[in-house]
Protein chains: 2
Amino acid sequence: MAKKPGQSVRGSTTGRPIMVLLDALGRRWALRVLWELSSGPSSFRDLQARCGDVSPTSLNARLKDLRDLQLVALTEEGYALTRHGRDLAARLGPLNAWANTWAKALG
Amino acid sequence: MAKKPGQSVRGSTTGRPIMVLLDALGRRWALRVLWELSSGPSSFRDLQARCGDVSPTSLNARLKDLRDLQLVALTEEGYALTRHGRDLAARLGPLNAWANTWAKALG
DNA sequence: TGAGTTTGCTACGTTTTCCGTAGCATGGAG
DNA sequence: CTCCATGCTACGGAAAACGTAGCAAACTCA
């Protein structure tokens, strides 16, 4: 069961939403799943393939978390971002451009 | 040694910068460290305290990664964000406001 | 109806990561 | 020399993530 805002997480007992969020996004595959789903719904197995054949165990654990946090939901079209999830993913989108310039500077 | 752009990471063999970034940020304490350092440089032990007394082992591992990726550097004032690091952290800043409305909606 | 396919997902045993505690080495201050 | 703060490592145990195999339910098509 994923920790929700208001609950104590690793490194913060205050339950501040940003701390809960940073903790949740810091788990393996969390960011990647949001990223992949931002381009549309996906079945479990499709999502698994998009994530480089991540094991179903790991994928399912992260999906459980993200569903608890109401960022992802299982719909008739497969796994999809919720309204909150889309909102969050929209803020992560620009990271792609940033990452490219960062990579170029790293040479 | 942290994986750099161009190198294969978990779930992606292409080395695309965004994939490398998502993988790096998906490690424990990575996001939190960037977050804490965005409000100014910090000594190792201070940073440790800010992160809820994270173990030095974990903190140091993550700092090594972030230094490899040139997001963090050890300066005369302590650990600090590099130019790239500040740039990235600036894009994470707005997540705080988002997290608050998200938490309120989850309430 | 019944064989084949695709779905989401779990069981299980192994590997990797993370963690807490203790403490070392260096350097500055008194 | 003593005291204290610094960055950091060693070590053993706990938790998280992993790969492989495969189940049960729903669909497809004969």
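Letters go in sequence order (proteins before strands), and every chain restarts at 1. Values below: all heavy atoms of this structure, side chains included; hydrogens, waters and symmetry mates excluded.
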Scan residues 30-52 of chain A against DNA chain D and write down, sorted by residue number, each residue with any heavy atom closer than 4.0 Å; if none is found, say none.
none
Less than 4.5 Å apart, side chain to side chain, heavy atoms only: is that true for A:Leu88 and A:Leu21?
yes
Using atom CD of A:Glu76 as one end and atom C1' of D:dA26 as the other, report the distance to the nearest whole Å.
14 Å
Counting just side-chain N and O atoms, does B:Asn60 come under 4.0 Å of either OP1 or OP2 of D:dG7?
no
Do the side-chain N or O atoms of A:Lys64 get closer than 4.0 angstrom to the phosphate oxygens (OP1, OP2) of D:dA16?
no
Roughly how many Å is it from CZ in B:Arg27 to P in C:dC19, rounded to a whole number?
13 Å
Do A:Leu74 and A:Leu63 have side chains that get closer than 4.5 Å, going by heavy atoms?
no
From CH2 of B:Trp29 across to P of D:dA16 the rounded distance in Å is 13 Å
B:Arg32 side chain near A:Met19 side chain, heavy-atom distance below 4.5 Å:
yes
Is the shortest heavy-atom distance from the side chain of B:Leu37 to the side chain of B:Ser42 under 4.5 Å?
yes
Tell me, do B:Pro56 and B:Phe44 make a side-chain contact under 4.5 Å, heavy atoms counted?
yes
For A:Asp53 and D:dA21, what is the distance between atoms CG and P respectively, to the nearest whole Å?
14 Å
Between A:Pro56 and B:Leu74, which has a closest nucleotide on DNA chain D that is more 5'?
B:Leu74
Is the shortest side-chain N/O distance from A:Arg10 to OP1 or OP2 of C:dC19 below 4.0 Å?
yes
Quick one: does B:Ser58 reach the base of C:dG20 with a side-chain donor-acceptor pair under 3.5 Å?
no
Rounded to the nearest angstrom, tell me the gap between atom CG in B:Leu59 and atom C1' in C:dC19.
13 Å
Is there a side-chain contact between A:Asn96 and A:Trp35, using heavy atoms and a 4.5 Å cut-off?
yes
Are any side-chain N or O atoms of B:Gln48 and backbone N or O atoms of B:Val54, one a donor and one an acceptor, separated by less than 3.5 Å?
yes
Just to confirm, is there a sub-4.0 Å distance from OP1 or OP2 of D:dA17 to any side-chain nitrogen or oxygen of A:Arg62?
yes
Whether B:Arg67 contacts D:dG7 is assessed here as follows: a side-chain N or O lying under 4.0 Å from the phosphate OP1 or OP2. Is that the case?
no
Closest listed nucleotide, where the reference is the side chain of A:Arg28 and the choices are D:dT9, C:dT17, C:dC19
C:dT17
